[in-house]
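Residue numbering restarts at 1 for every chain, and letters A, B, ... go by the order of the sequence lines.
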Number of protein chains: 2
Amino acid sequence: MLMDSVCPHNNTFHCSDCRMNALCLPLALQTREVERLDEIIQRGKPLQKDHHIYHAGEEFDSVFAVRSGSIKSYTISNNGQEQVTGFHLPGEIFGMDGIGQNRYTNSAVAMETSSICEIPFNRLQELSIAIPTLQRHFFQLMSLEITGEQQLLSLLSKNTAEERVATLLMSISNRNFRLKLSATRFRLPMSRADIGNYLGLTVETVSRVLSRFQKQDLLKVDKKEVELLNLDRLRELAN
Amino acid sequence: MLMDSVCPHNNTFHCSDCRMNALCLPLALQTREVERLDEIIQRGKPLQKDHHIYHAGEEFDSVFAVRSGSIKSYTISNNGQEQVTGFHLPGEIFGMDGIGQNRYTNSAVAMETSSICEIPFNRLQELSIAIPTLQRHFFQLMSLEITGEQQLLSLLSKNTAEERVATLLMSISNRNFRLKLSATRFRLPMSRADIGNYLGLTVETVSRVLSRFQKQDLLKVDKKEVELLNLDRLRELAN
DNA sequence: CGTCAGTTTGAGCGAGCTCAACGTGAGTGG
DNA sequence: CCACTCACGTTGAGCTCGCTCAAACTGACG
């Protein structure tokens, strides 16, 4: 579902050529099956920063895969404040929160210029009946989403500010590594406010923790650019 | 999948007779389809308090529905401490965390004498191909699990101790109401420690909050028995 | 060059934690 | 039947981590 070619925002190519397909496609899918999946996937124009893909409450009909860039999911709670529920990097699927009630419960917005693949869910369900591997893959994806949220829950309820920030950094580092990008030098696509919101901390605390990490030579930060200098210690903090 | 008859722990009856079936079964399932589902479901003997249904790391092969009693899910984090991830009441499904990695990531234990239905997941997947409504239903169940965790995330990262406790009480009240039990008088099946662990609070804080609520005539607590006296105010706190 | 959003740093405060003591009730064994 | 234990719950006192409020800095953009 995810590709790159000469231009990373080109939308004329296919799943079978996509550099990301090992990540978002069922591993065991046959060539013919990839083609059938390919047929139902819609590739959109590149999205500008701050462009919304959907808003909470809108009717659900598709899940999405990130092809390039990065996407933020968030909800607005009853008392009106934002809760960031996830950051989605290339190769990752988002929008599955909408399945349960036929409406998205989150909003999704591009944190930078991004491109995504849209996967109409009804078609995906039909195809899942014809291709059991695909059904299994989607059950697994959703289950992994559940266990991911549970780990985050544990992080928020038991860990200190430093541990939370270290965990997020290591998570992004690992996901970058999976994308064959550098695990030690990368750009944080989200603001300090988003990091804090996601981790249950204030902007000030996030900023202070990063400064402290820098002072301890665990990393170097310059605005959004990060270089991790002591992976072992950070991994230890992230535990 | 859930039933009662003369003895609530009787395990010879069928989904079609079960008082709970509107809760855990796809609403639109045909009689013939319910029978096919019924065939794959295994009903076990009643479980004693503290009996484990599965442990984290064990091979996954079934999801479960609570027929009577109550079940606690929890994980052990890397630093060895328990994190309660959920409380499951009659009519609710648990064990879906195991699908993603073919191993349970949580452990599940009976908080009191309980009975459950076991649903072998491979058979459920096969049946989902034959009965698309069932496939859809399970996608929805898992999606609701995701949005539930996200709400909890927001609760832990943004709300005070009082709001968290009120939210849990209202949640149990609503689930009891759905089970046609009293929404205002019930027994908390879990210990104060479990409540605190689940809500990211210490036992002491949970105890203090309950005492404060009682002093403000919002409720009456006696050990595990609770009577909610001011639902409006509690709902307001829970928001 | 002024504006404005995002970030950093400092100072003080408070909600919930820690530690400690005590209360309660169920289970056990003399 | 009482004494003892042990898990669980409650209450109090003091402390601490992260929050709040405030001010200053930075860089992008019109």
Check: In whole angstrom, what separates D50(B)'s CG from dG27(C)'s P?
Finding: 13 Å
Check: Roughly, in whole Å, what's the span from CG in L199(A) to C1' in dC17(D)?
Finding: 16 Å
Notebook entry, point to check: Hey, does the side chain of D194(A) reach the backbone of M190(A) with a donor-acceptor pair shorter than 3.5 angstrom?
Noted result: no
Notebook entry, point to check: What residues, two or more places apart in sequence or in another chain, satisfy side-chain contact (heavy atoms from CB on, under 4.5 Å) together with S157(B)?
Noted result: Q83(A), L156(A)
Note to self: So, using side-chain hydrogen bond (donor to acceptor under 3.5 Å, both in side chains) as the criterion, who are the partners of S154(B) when residues are at least two apart?
What the structure shows: none
Next item on the list: Over 60° means perpendicular and under 30° means parallel, so classify the ring planes of F60(B) and Y104(B), tilted if in between.
Entry: perpendicular
Item checked: Any L228(B) side-chain heavy atom under 4.5 Å of L231(B) side chain -> yes
Item checked: Interatomic distance, D222(B) CG vs dC8(D) P [rounded to whole Å] -> 17 Å
Check: Salt bridge between E162(A) and R212(A), side-chain N to carboxylate O under 4.0 Å?
Finding: yes
Next item on the list: Write down the distance between CD (E162(A)) and C1' (dT16(D)), rounded to a whole number of angstrom.
Entry: 14 Å
All N/O contacts under 3.5 Å from nucleotides 24-30 of chain D to the protein, with atom names and distances to one decimal?
none

Check: Nearest nucleotide by nearest heavy atom, which residue falls closer to the 5' end of DNA chain D, L201(A) or K224(B)?
Finding: K224(B)
Next item on the list: Answer with yes or no whether the side chains of T105(B) and D97(B) bring together a donor and an acceptor at under 3.5 Å.
Entry: yes
Check: Does T202(A) put a side-chain nitrogen or oxygen below 4.0 Å from OP1 or OP2 of dG18(D)?
Finding: no
Margin query: For S68(A) and S115(A), which I'm curious about, is there any donor-acceptor pair between the side chains at under 3.5 Å?
Written below: yes
Checklist line | Nearest-angstrom distance from the residue atom CZ of F213(A) to P of dT8(C) | finding: 14 Å
Margin query: Using whole Å, what does the distance between atom P of nucleotide dC17(D) and atom NZ of K158(A) come to?
Written below: 18 Å
Got a list of protein N/O to nucleotides 12-15 of chain C N/O distances below 3.5 Å?
none

Next item on the list: Flag the pair E59(A) and R103(A) as a salt bridge only when some basic side-chain nitrogen lies within less than 4.0 angstrom of an acidic carboxylate oxygen.
Entry: no
Next item on the list: Could you check which residues of residues 203-212 of chain A get a heavy atom under 4.0 Å from DNA chain C? Sort them by number, please.
Entry: E204(A), S207(A), R208(A), S211(A)
Check: What integer distance in Å separates R192(B):CZ from dG25(C):C1'?
Finding: 14 Å
Margin query: I'd like to know whether T85(B) forms a side-chain hydrogen bond (donor to acceptor under 3.5 Å, both in side chains) with N106(B), so could you lay out the CA-CA distance, the side-chain angles of the two residues, the decisive distance to 0.1 Å, and finally the verdict.
Written below: CA-CA 8 Å; T85(B) 50; N106(B) 287 269; 2.6 Å; yes
Note to self: If the threshold is 4.0 Å, N to carboxylate O, is there a salt bridge linking K72(A) and E82(A)?
What the structure shows: yes
Check: Rounded to the Å, how far apart are Q214(A) CD and dT9(C) P?
Finding: 8 Å
Notebook entry, point to check: Do you know which of M96(A), M142(A), Q101(A) makes side chain to side chain contact (heavy atoms under 4.5 Å, CB included) with S143(B)?
Noted result: M142(A)
Check: Contacts to DNA chain C from residues 71-87 of chain B, heavy-atom cutoff under 4.0 Å, which residues?
Finding: none
Next item on the list: Measure up the Y74(B) and H52(B) rings against each other and bin them: parallel (under 30°), tilted (30 to 60°), perpendicular (over 60°).
Entry: perpendicular
Item checked: NZ (K220(B)) with more than 12 external heavy atoms under 6.0 Å -> no
Note to self: For a quick check of understanding: with a heavy-atom distance under 4.0 Å over all strands, which category does G200(A) fall into, base, sugar-phosphate or nothing?
What the structure shows: sugar-phosphate
